[in-house]
**Q** 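The structure that follows is given in the form of structure tokens.
All values reported here derive from a predicted model rather than from experimental measurement.
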Amino acid sequence: MPGFFHFLNDRSDVYRMGCGASLDSRDIDQLNVVVFGATGMIGGAVIRSLLRTGPKFKVKAVTRTPTSDAARQLAEDGVIIATADLNDSRSLERALNGTSCVFLSTHYWEHLNKDKEIHQGMNAVDACVACDVQHIIFLGAENSKRVTGKDCGYLEAKAAIEEYIVEKSAPGQGYTLNYTFLRLPFLYENLLSLFKPHLVKPDVYALALPLDDTSIECMSINDVGRCVYTIITRPKQYLNKTIRISADRLTVQQMADILTKQIEDKRFVCPKIRTKDYENFEFKGASDLAAMFEFYQVSEHGGDMKLTKKLYGSVSPFDKWVHDNKEKFLDILKEE
């Protein structure tokens with residue numbers, strides 16, 4: 001979900017591993033890529049983008065549940081399914097053996113445990129080092145507590161994993177590791193799931209995002225996958241950097257206006273929920289989300305739309321995405 005945070009020091013002048021040319025896919029017959037979170041939305045989008053090119057990639061999906069419907073579908077699509085657990089270092093090394101590039105995402109919302117996510121991320125990084133992985137792309141974050149003073153396990157865990165990757169990538173340790181940190185904006189698809197509109201009266205729906213009048217960077221999941229594809233296939237200029245991507249920037253009221261215009265006979269409103277009220281909502285993770293949105297409101301850094309279009313030239317603005325997903329919205333509104 002979130003992303004626009006501080007850049008770490010740009011280390012493009014440090015091009016390690018002694019195999020710079022081999023990191024450009026134009027010099028590789030087939031690139032071995034491992035995707036974590038492959039049965040989730042973001043990992044799935046990355047895999048779809050890789051599969052479009054056919055035999056250029058050997059794609060492996062890491063999952064704890066190889067017999068799940070999602071894993072079976074990936075296998076039918078030609079993806080290699082590797083059974084591994086982020087809590088089991090040996091299983092990770094088996095999954096990463098012979099891998100050129102790793103797309104790593106960690107999942108705080110599964111357990112709401114910052115220390116557990118950090119441990120899992122460190123296990124994955126250690127496995128990358130053990131298997132001589134050339135390039136790790138990590139969905140990271142800035143430590144928001146240093147800015148707001150509020151605890152946010154979701155962001156703090158990812159920031160800690162980033163710091164560990166930087167530590168592991170330092171020269172002179174007897175091995176090498178290149179990284180790209182990817183900071184994501186708010187994903188449009190969140191409005192179809194966690195932040196779906198809530199019915200307040202007949203045909204009127206509220207977007208319950210605690211942002212007041214602050215605009216927010218946003219983007220579609222499929223476009224994230226296409227940007228990652230470019231980073232994987234043309235990594236040189238993105239090595240040892242933090243990349244913040246975004247396709248649009250809107251207030252919640254602007255989102256509501258676009259939805260009202262695009263979806264007939266429905267009206268969407270912005271209730272302007274305060275973060276201090278949101279953190280008292282009675283569901284697990286409410287305080288983390290409130291702290292995250294507070295960080296959104298005070299952060300001085302947004303996504304780089306120019307860079308995003310360089311990564312993928314046809315990113316969808318919010319209005320186009322809504323137009324293309326009207327039926328999905330109508331389906332979730334029926335559930336209210």
Side-chain angles (χ1 to χ4, degrees), residues 1-5 41-42 45 183-227 244-281 283 285-286 289-309 312-336:
M1 182 167 35
F4 58 108
F5 310 112
M41 292 192 298
I42 298 174
R183 303 276 177 82
L184 299 187
F186 182 84
L187 299 174
Y188 301 153
E189 286 79 3
N190 287 324
L191 296 177
L192 297 172
S193 55
L194 181 60
F195 298 106
K196 67 181 181 180
H198 293 286
L199 182 69
V200 291
K201 57 183 178 180
D203 295 326
V204 179
Y205 299 85
L207 299 183
L209 298 176
L211 286 166
D212 294 325
D213 295 319
T214 305
S215 59
I216 187 173
E217 305 282 347
C218 44
M219 188 174 183
S220 81
I221 287 173
N222 285 335
D223 289 347
V224 170
R226 292 172 179 122
C227 288
R244 297 192 302 268
I245 58 177
S246 174
D248 211 338
R249 187 178 184 93
L250 299 164
T251 63
V252 180
Q253 184 61 59
Q254 288 172 323
M255 291 182 186
D257 291 344
I258 289 170
L259 287 165
T260 298
K261 182 179 179 180
Q262 295 272 7
I263 301 177
E264 296 179 3
D265 301 323
K266 309 293 180 186
R267 186 162 69 90
F268 297 82
V269 296
C270 170
K272 295 188 177 180
I273 300 171
R274 299 178 301 176
T275 54
K276 64 180 181 180
D277 294 327
Y278 198 93
E279 67 186 11
N280 293 321
F281 285 1
F283 66 87
L289 289 172
M292 181 189 74
F293 280 110
E294 182 173 338
F295 179 69
Y296 275 168
Q297 294 186 50
V298 300
S299 175
E300 298 177 354
H301 300 280
D304 189 335
M305 294 187 189
K306 183 177 180 180
L307 173 60
T308 305
K309 290 183 178 178
Y312 178 59
S314 300
V315 290
S316 294
F318 184 67
D319 57 353
K320 182 180 185 303
W321 178 83
V322 172
H323 179 270
D324 294 341
N325 289 274
K326 284 182 184 179
E327 294 303 317
K328 291 181 180 179
F329 268 104
L330 290 172
D331 285 343
I332 64 162
L333 296 182
K334 291 175 184 177
E335 300 171 4
E336 286 292 305

**Q** For the residue pair Cys270 and Ala256, what are the closest heavy atoms and their distance?
**A** N-CB, 4.4 Å
**Q** Which heavy atom in Ala247 sits nearest to a heavy atom in Ser316, and how many Å separate them?
**A** CB-O, 3.7 Å
**Q** Hey, what do you get for NZ (Lys272) to CG (Asp277), rounding to the nearest 0.5 Å?
**A** 14.5 Å
**Q** Would you call Phe281 and Ile273 a side-chain contact if the rule is heavy atoms closer than 4.5 Å?
**A** yes
**Q** On the 0 to 90° scale, with breaks at 30° and 60°, tag the Tyr278-Phe283 ring pair as parallel, tilted or perpendicular.
**A** perpendicular
**Q** Are the side chains of Lys276 and Glu294 in contact, using a 4.5 Å heavy-atom criterion?
**A** no
**Q** Tell me which pairs pass salt bridge (charged side-chain N to carboxylate O under 4.0 Å, His left out) where either residue lies in residues 257-267, with sequence neighbours left out.
**A** Asp203-Lys266
**Q** Would you say that Leu209 contacts Asn190 through its side chain, given a criterion of any heavy-atom pair below 4.5 Å between the two side chains?
**A** no
**Q** Before giving the answer on side chain to side chain contact (heavy atoms under 4.5 Å, CB included), spell out for Asp248 and Phe186 the whole-Å C-alpha distance, their side-chain angles and the decisive distance to 0.1 Å.
**A** CA-CA 10 Å; Asp248 211 338; Phe186 182 84; over 6 Å; no
**Q** Carefully, step by step, assess Leu330 and Ile263 under the rule side chain to side chain contact (heavy atoms under 4.5 Å, CB included).
**A** CA-CA 8 Å; Leu330 290 172; Ile263 301 177; 3.8 Å; yes
**Q** Could you check whether Lys196 pairs with Glu335 (Lys NZ or Arg NE/NH1/NH2 to Asp/Glu carboxylate O, under 4.0 Å)?
**A** yes
**Q** Distance from Arg183 atom CZ to Ser299 atom OG, nearest 0.5 Å?
**A** 9.5 Å
**Q** Does the side chain to side chain contact (heavy atoms under 4.5 Å, CB included) test come out yes or no for Leu207 and Leu259, once each step is laid out?
**A** CA-CA 10 Å; Leu207 299 183; Leu259 287 165; 3.9 Å; yes
**Q** Sequence neighbours left out, what passes ring-ring contact (aromatic ring centres under 6.0 Å, His included) with Tyr188? Give chain and number order.
**A** Phe318, Trp321
**Q** Using the test side-chain hydrogen bond (donor to acceptor under 3.5 Å, both in side chains), find all partners of Lys326 that sit at least two apart in sequence or belong to another chain.
**A** none
**Q** Identify the two heavy atoms, one from Leu187 and one from Val224, that lie closest to each other, and give their separation to 0.1 Å.
**A** CD2-CG2, 3.9 Å
**Q** Which residues pass the side-chain hydrogen bond (donor to acceptor under 3.5 Å, both in side chains) test with Asp212, sequence neighbours left out?
**A** none
**Q** Do Lys328 and Asp331 meet the salt-bridge criterion of a basic N to acidic O distance under 4.0 Å?
**A** no
**Q** Are any side-chain N or O atoms of Thr275 and backbone N or O atoms of Ala290, one a donor and one an acceptor, separated by less than 3.5 Å?
**A** no
**Q** Checking Thr214 now: which residues fulfil side chain to side chain contact (heavy atoms under 4.5 Å, CB included) with it, not counting sequence neighbours?
**A** Gln297
**Q** Give, for atom CE of Met219 and atom OG1 of Thr308, the distance between the pair rounded to the nearest 0.5 Å.
**A** 5.5 Å
**Q** Taking all non-hydrogen atoms of both residues into account, name the closest pair between Ser246 and Pro185 and its distance.
**A** CA-CG, 4.1 Å
**Q** Test your reading of the model: is there a side-chain donor-acceptor pair from Glu189 to the backbone of Ile221, 3.5 Å cut-off?
**A** yes
**Q** Under 6.0 Å from the NE2 atom of His198, do we count more than 12 heavy atoms belonging to anything else shown?
**A** yes
**Q** Going from CG on Asn325 to NZ on Lys320, what distance comes out if it is rounded to the nearest 0.5 angstrom?
**A** 9.0 Å
**Q** Work out which heavy atom in Thr251 is nearest to a heavy atom in Asp213; give both atom names and the distance.
**A** CG2-O, 3.4 Å
**Q** Flag the pair Leu250 / Cys218 as yes when at least one side-chain heavy-atom distance between them is below 4.5 Å, and no otherwise.
**A** yes
**Q** For Lys309, give me all partners under side chain to side chain contact (heavy atoms under 4.5 Å, CB included), at least two apart in sequence or on another chain.
**A** Val315
**Q** When rounded to the nearest 0.5 angstrom, what distance separates OG in Ser215 from CE in Met255?
**A** 9.0 Å
**Q** Would you give the length of the straight line joining atom CE of Met292 to atom CD of Glu279, rounded to the nearest 0.5 angstrom?
**A** 13.5 Å
**Q** Assess the pair Phe329 and Tyr205: is the distance between their ring centroids shorter than 6.0 Å?
**A** no
**Q** Please test Ser314 against Arg226 for side chain to side chain contact (heavy atoms under 4.5 Å, CB included), starting from the C-alpha separation and ending with a verdict.
**A** CA-CA 10 Å; Ser314 300; Arg226 292 172 179 122; over 6 Å; no
